[in-house]
Participant: 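Dropping a structure here in structure tokens format, bear with me for questions.
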Amino acid sequence: MNINILTIFPEIFEILKFGVLSRSISNKTLLISLFDIRANSVNRHKHIDAKPYGGGEGMVMMAEPIIKTLKKIHKKKRGHVIYLSPQGKKLNQKKIISMSKLKNITLICGRYEGIDQRIIDKYVDEEVSIGDFVLSGGEYAAICLIDAISRHIPGTLGNKESYLKDTFSNGLLKGDVYTKPEVFESMKVPDVLMSGDHKKIEAWRSEKALIKTFLKRPDLLQDIKLTKKQKKLLEEWSSNAIL
Ligand code: ADE
């Protein structure tokens with residue numbers, strides 16, 4: 001997969017050199033190409049922003065430097081053009097999985113009060129938000145997006161199966177996890193995990209994932225079709241539990 005990034009702060013993306021993500025970059029299953037918007041300023045002072053027409057707060061990123069930068073990328077290599085913005089559609093795991101199947105993506109990172117609307121109207125395929133809060137730059141959102149996508153690119157994760165078991169991948173949160181030591185501050189790891197009985201462990205994990213989702217994120221249950229067994233389990237569990 002090829003990801004083009006348009007930014008005024010290419011250095012921020014140094015962070016992609018760390019962790020599992022760096023693996024897919026070094027084995028070239030993920031190609032990151034950075035494009036500096038300021039280098040394409042049409043202004044001799046290298047300005048890339050200006051005051052908003054009609055007055056108002058802050059500065060707006062001008063159309064020309066961004067489009068000049070975008071045009072440096074061959075149309076075929078641009079692929080799906082995404083503008084990271086708090087006004088975009090909220091990202092979720094389903095969306096990440098479908099994006100991970102694309103060959104080319106171009107991310108436009110805005111700063112200040114945003115980018116000139118004409119860029120969005122003419123050149124952007126999709127506006128994407130990572131949540132209902134405002135960041136000081138789209139770069140941080142782009143990093144989250146790239147990290148989440150990379151987990152679905154073969155060659156990123158050591159254990160191929162692990163992304164399949166991620167929280168959200170089956171529509172549920174992931175169940176509780178434990179590691180050494182067996183007893184920590186008088187709290188013992190659940191017996192079933194020490195039993196060696198893989199069938200029982202799997203059943204316990206599925207049950208935990210379901211109940212945890214019910215308690216922490218019941219909204220997620222609206223989007224999945226529960227099996228008869230899962231429905232029964234939830235009914236039994238809620239009638240026994242003191243909520
Ligand atoms: N830029 C600023 N805030 C953002 C957000 N919440 N998501 C994506 N891009 C942003």
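Atoms considered below: every heavy atom in the structure, side chains included; atoms not considered: hydrogens, waters and symmetry mates. The first residue of the sequence shown is numbered 1, and numbering continues consecutively from there.
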Participant: Of all residues at least two apart in sequence or in a different chain, which pass the salt bridge (charged side-chain N to carboxylate O under 4.0 Å, His left out) check with R151?
Facilitator: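 R151 satisfies salt bridge (charged side-chain N to carboxylate O under 4.0 Å, His left out) with D166 once adjacent residues are dropped.
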Participant: Would you mind listing the cluster partners of V134? Hydrophobic ones only (ILVMFWY), side-chain contacts under 4.5 Å, chaining allowed.
Facilitator: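 Reading the cluster by chain and number, V134 sits alone, since nothing else belongs.
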Participant: Please tabulate, for side-chain N and O atoms in residues 43-62, each donor-acceptor pair with protein atoms closer than 3.5 Å (sequence neighbours left out).
Facilitator:
{"from": "N43", "atom 1": "OD1", "to": "H45", "atom 2": "N", "distance (Å)": "2.6"}
{"from": "N43", "atom 1": "OD1", "to": "K46", "atom 2": "N", "distance (Å)": "3.4"}

Participant: Going by the rule side chain to side chain contact (heavy atoms under 4.5 Å, CB included), which residues pair with K72 if we only count those two or more places apart in sequence or in a different chain?
Facilitator: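 So K72 forms a side chain to side chain contact (heavy atoms under 4.5 Å, CB included) with N40.
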Participant: Among all residues two or more places apart in sequence or in another chain, which pass the salt bridge (charged side-chain N to carboxylate O under 4.0 Å, His left out) test with K212?
Facilitator: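 Counting only residues at least two positions away or on another chain, K212 forms a salt bridge (charged side-chain N to carboxylate O under 4.0 Å, His left out) with D176.
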Participant: Does this structure show an ion pair linking E235 with K232, if we count only N-O contacts that are shorter than 4.0 Å?
Facilitator: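 Salt bridge between E235 and K232, a charged N being under 4.0 Å from a carboxylate O: no.
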Participant: If the condition is side chain to side chain contact (heavy atoms under 4.5 Å, CB included), which residues does S22 pass it with, not counting sequence neighbours?
Facilitator: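 S22: no side chain to side chain contact (heavy atoms under 4.5 Å, CB included) contacts found.
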Participant: Is there a path of hydrophobic side-chain contacts, each under 4.5 Å between heavy atoms of I/L/V/M/F/W/Y residues, joining Y83 to L102?
Facilitator: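 Both belong to a single hydrophobic cluster.
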Participant: Residues in salt bridge (charged side-chain N to carboxylate O under 4.0 Å, His left out) with D121, at least two apart?
Facilitator: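 Salt bridge (charged side-chain N to carboxylate O under 4.0 Å, His left out) check on D121 returns nothing, list empty.
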Participant: Are F9 and L6 linked, directly or through other ILVMFWY residues, by side chains that come within less than 4.5 angstrom of each other?
Facilitator: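 Yes.
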Participant: Any side-chain heavy-atom pair from I115 and I120 closer than 4.5 angstrom?
Facilitator: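 Counting from C-beta outward, I115 and I120 do come under 4.5 Å.
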Participant: With a 4.5 Å limit on heavy-atom distance, are the side chains of L21 and I146 in contact?
Facilitator: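 Heavy-atom side-chain distance check passes, below 4.5 Å.
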Participant: Ignoring hydrogens, what is the shortest heavy-atom contact between V189 and P181? Give both atom names and the distance.
Facilitator: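 Closest heavy-atom pair between V189 and P181: CG2-O, 4.1 Å.
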Participant: Which pairs count as salt bridge (Lys or Arg N to Asp or Glu O under 4.0 Å) when at least one residue sits in residues 97-118, sequence neighbours excluded?
Facilitator: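 Those involving residues 97-118 are R111-E139, D116-R118.
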Participant: Can you list, by chain and residue number, the hydrophobic cluster partners of I97 when the side-chain cut-off is 4.5 Å?
Facilitator: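 None; I97 is a cluster of one.
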Participant: Spell out, yes or no, whether L31 and L16 are grouped together once hydrophobic residues are joined by side-chain heavy atoms under 4.5 Å, including indirect joins.
Facilitator: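 As far as the 4.5 Å side-chain criterion goes, L16 and L31 are not connected within one cluster.
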Participant: Can you tell me if I32 has over 12 outside heavy atoms packed within less than 6.0 Å of its CD1?
Facilitator: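 Buried by this count: over 12 neighbours within 6.0 Å.
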Participant: Linking Ile, Leu, Val, Met, Phe, Trp and Tyr through side-chain heavy atoms less than 4.5 Å apart, which residues share a cluster with F168?
Facilitator: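 L173, L220, which link up through side-chain heavy atoms under 4.5 Å apart, make up the rest of the cluster.
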Participant: Once side chain to side chain contact (heavy atoms under 4.5 Å, CB included) is applied, do any residues pair with L226, and if so which ones, sequence neighbours excluded?
Facilitator: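 Expected list: L210, L221, I224, Q230, K231, L234.
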Participant: Membership question, hydrophobic clusters at under 4.5 Å side-chain separation (ILVMFWY): are F184 and V192 in the same one?
Facilitator: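 No; F184 is not reachable from V192 via cluster members.
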Participant: If hydrophobic clusters are built from ILVMFWY residues whose side chains come within less than 4.5 Å, do V81 and F13 share one?
Facilitator: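 Yes; tracing contacts between hydrophobic side chains, which count when under 4.5 Å, links both residues.
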Participant: Identify, with sequence neighbours excluded, every residue that meets salt bridge (charged side-chain N to carboxylate O under 4.0 Å, His left out) alongside R217.
Facilitator: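 Checked R217 against salt bridge (charged side-chain N to carboxylate O under 4.0 Å, His left out); matches are D219.
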Participant: Do K89 and E126 meet the salt-bridge criterion of a basic N to acidic O distance under 4.0 Å?
Facilitator: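 No salt bridge links E126 with K89.
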Participant: Mark yes or no for whether R38, through its side chain, and I8, through its backbone, hold a donor-acceptor pair below 3.5 Å.
Facilitator: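 Flag not set: sc R38 to bb I8 has no pair under 3.5 Å.
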Participant: Crowded around E127 CD? As in, over 12 foreign heavy atoms under 6.0 Å?
Facilitator: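 Atom CD in E127 is crowded, with more than 12 foreign heavy atoms closer than 6.0 Å.
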